[in-house]
Q: 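I have a structure I would like to understand better, so I am pasting it below and will then ask my questions one at a time.
Residue indices begin at 1 and follow the sequence shown.
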Amino acid sequence: MISSSLARAMQFSDPVVSGYAFHFKAFSAEEVAVTIVNPVTFVPEPLVYEADYSVTGLGQDAGGAVVLTPAGRERAGTGQHLVILRAMDFLQLIDYRPHDTFPAETHERALDRLTMMCQELREKLGRAVIAPPDQLEPIQYSELVALKEEAVAAAAEAAEDAAETEAAR
């Protein structure tokens, strides 16, 4: 049973804190990805399982925790966004045998995995830029960053022009 619709947790990093809770089910540590994101530059830096963190609470409906190693705490620093995501392999690993008894627990786990995959996709789509249906080419994140930088530069130039006009009066 999947009792939570969450597939992501985000907290601010603190070098004295080692444990960060997440409230979604994960079956294995490899299904939990941890990334540090600088809140100013938005540059993501994935942490490495075992080198930077371990995972507790696997298989629990209520979720678990990511525990940073000393190296992970150092990489995370202070005030970064520590993002914990469910990151499953999208595989169907169940193979039913003809004329076998129905394996209810196996079937339940397969349905749980499908639900978790859908939640992961919904989480990713929730952060995505959705282009209008007539857009033929995909929009790249780098293009959006370039547009933002152009807009910031144009706003700074406009403010400078306004200040010069005001000073000339």
Side-chain angles (χ1 to χ4, degrees), residues 2 4-57 63-91 113-168:
I2 302 299
S4 169
S5 63
L6 300 175
R8 173 180 64 173
M10 186 173 76
Q11 301 173 41
F12 285 104
S13 62
D14 184 329
V16 299
V17 176
S18 59
Y20 296 88
F22 60 89
H23 301 286
F24 55 84
K25 189 174 195 173
F27 290 116
S28 71
E30 290 78 14
E31 294 178 349
V32 178
V34 182
T35 303
I36 299 298
V37 181
N38 182 309
V40 175
T41 64
F42 304 109
V43 174
E45 180 184 343
L47 297 184
V48 177
Y49 173 63
E50 292 182 332
D52 295 322
Y53 68 94
S54 62
V55 183
T56 65
V66 165
V67 180
L68 298 182
T69 64
R73 287 196 304 273
E74 185 177 323
R75 286 184 68 194
T78 302
Q80 305 294 315
H81 291 158
L82 186 130
V83 183
I84 305 167
L85 294 170
R86 183 184 297 132
M88 301 179 69
D89 287 331
F90 283 31
L91 303 171
R113 287 187 57 80
L114 287 172
T115 301
M116 292 162 65
M117 288 176 199
C118 290
Q119 290 173 340
E120 185 178 332
L121 289 172
R122 183 179 66 199
E123 186 279 326
K124 287 181 181 181
L125 283 171
R127 292 183 284 121
V129 175
I130 306 297
D134 65 340
Q135 180 73 28
L136 299 176
E137 297 294 321
I139 298 171
Q140 300 298 318
Y141 181 75
S142 59
E143 294 172 308
L144 295 174
V145 171
L147 288 172
K148 176 190 171 207
E149 289 171 354
E150 288 175 22
V152 168
E157 188 177 324
E160 188 177 304
D161 289 348
E164 288 174 6
T165 301
E166 185 65 32

Q: I'd like to know if the side chain of R122 and the backbone of S5 have a donor-acceptor N/O pair within less than 3.5 Å.
A: yes

Q: Which heavy atom of T78 sits nearest a heavy atom of P15, and at what distance?
A: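 Closest pair (atom of T78, atom of P15, distance): OG1-CD, 3.0 Å.
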
Q: I need the I2 CD1 to M116 CE distance, nearest 0.5 Å.
A: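 Rounded to the nearest 0.5 Å, the CD1-CE separation comes to 5.0 Å.
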
Q: Okay, side chain of E143, backbone of I139: is any donor-acceptor separation there less than 3.5 Å?
A: no

Q: Calculate, to the nearest 0.5 Å, the distance between atoms CZ and CG belonging to R75 and L82 respectively.
A: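 Going from the CZ atom of R75 to the CG atom of L82 covers 11.5 Å.
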
Q: Does any N or O in the side chain of S13 come within less than 3.5 Å of the main-chain N or O of A76, such that one atom is a donor and the other an acceptor?
A: yes

Q: Rounded to the nearest 0.5 Å, what separates atom CD1 in I84 from atom CE in M10?
A: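 Interatomic distance, I84 CD1 to M10 CE, rounded to 0.5 Å: 11.0 Å.
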
Q: Could you check whether any side-chain N or O of T69 sits under 3.5 Å from a backbone N or O of A51, counting only pairs where one atom can act as donor and the other as acceptor?
A: yes

Q: How far apart are the closest heavy atoms of L68 and Y20, and which atoms are they?
A: CD1-CE1, 3.6 Å

Q: Can you list the residues that meet the salt bridge (charged side-chain N to carboxylate O under 4.0 Å, His left out) rule with K124, with sequence neighbours excluded?
A: E120

Q: Under 6.0 Å from the CD atom of E137, do we count more than 12 heavy atoms belonging to anything else shown?
A: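 Not buried by this count: 12 neighbours or fewer within 6.0 Å.
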
Q: Measuring from atom CG of L85 to atom CZ of F24, what distance do you get when rounded to the nearest 0.5 angstrom?
A: 6.5 Å

Q: Using a 6.0 Å cut-off, check whether atom CD of E74 has over 12 heavy atoms from anything other than its own residue.
A: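 Atom CD in E74 is not packed in, count stays at 12 or less.
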
Q: Decide yes or no for N38 and Q80: does some side-chain heavy atom of the first lie under 4.5 Å from some side-chain heavy atom of the second?
A: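 In short, these two side chains touch, coming nearer than 4.5 Å.
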
Q: Shortest non-hydrogen contact from K148 to F42?
A: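 For K148 versus F42, the nearest heavy atoms are NZ-CE1, 3.8 Å.
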
Q: Do V66 and V32 have side chains that approach each other closer than 4.5 Å (heavy atoms only, starting at C-beta)?
A: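 With C-beta onward as the side chain, the pair touches.
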
Q: Quick one: closest heavy-atom pair of G79 and P39, and the distance?
A: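 Answer, listing the atom of G79 first, then P39: O-CG, 3.5 Å.
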
Q: Of the non-hydrogen atoms in R86 and L6, which two are nearest, and what is the gap between them?
A: NH2-O, 3.4 Å

Q: Can you name the closest pair of heavy atoms from M117 and D89 and give their distance?
A: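 Scanning both residues, the minimum pair turns out to be CE-O, 3.7 Å.
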
Q: Could you tell me whether a side-chain N or O of R73 sits under 3.5 Å from a main-chain N or O of S18, the two making a donor and an acceptor?
A: no

Q: If you round to the nearest 0.5 Å, how far is CZ of R113 from CD of E31?
A: 5.0 Å

Q: Rounded at 0.5 Å granularity, tell me how far CD in E50 sits from CD in E30.
A: 7.5 Å

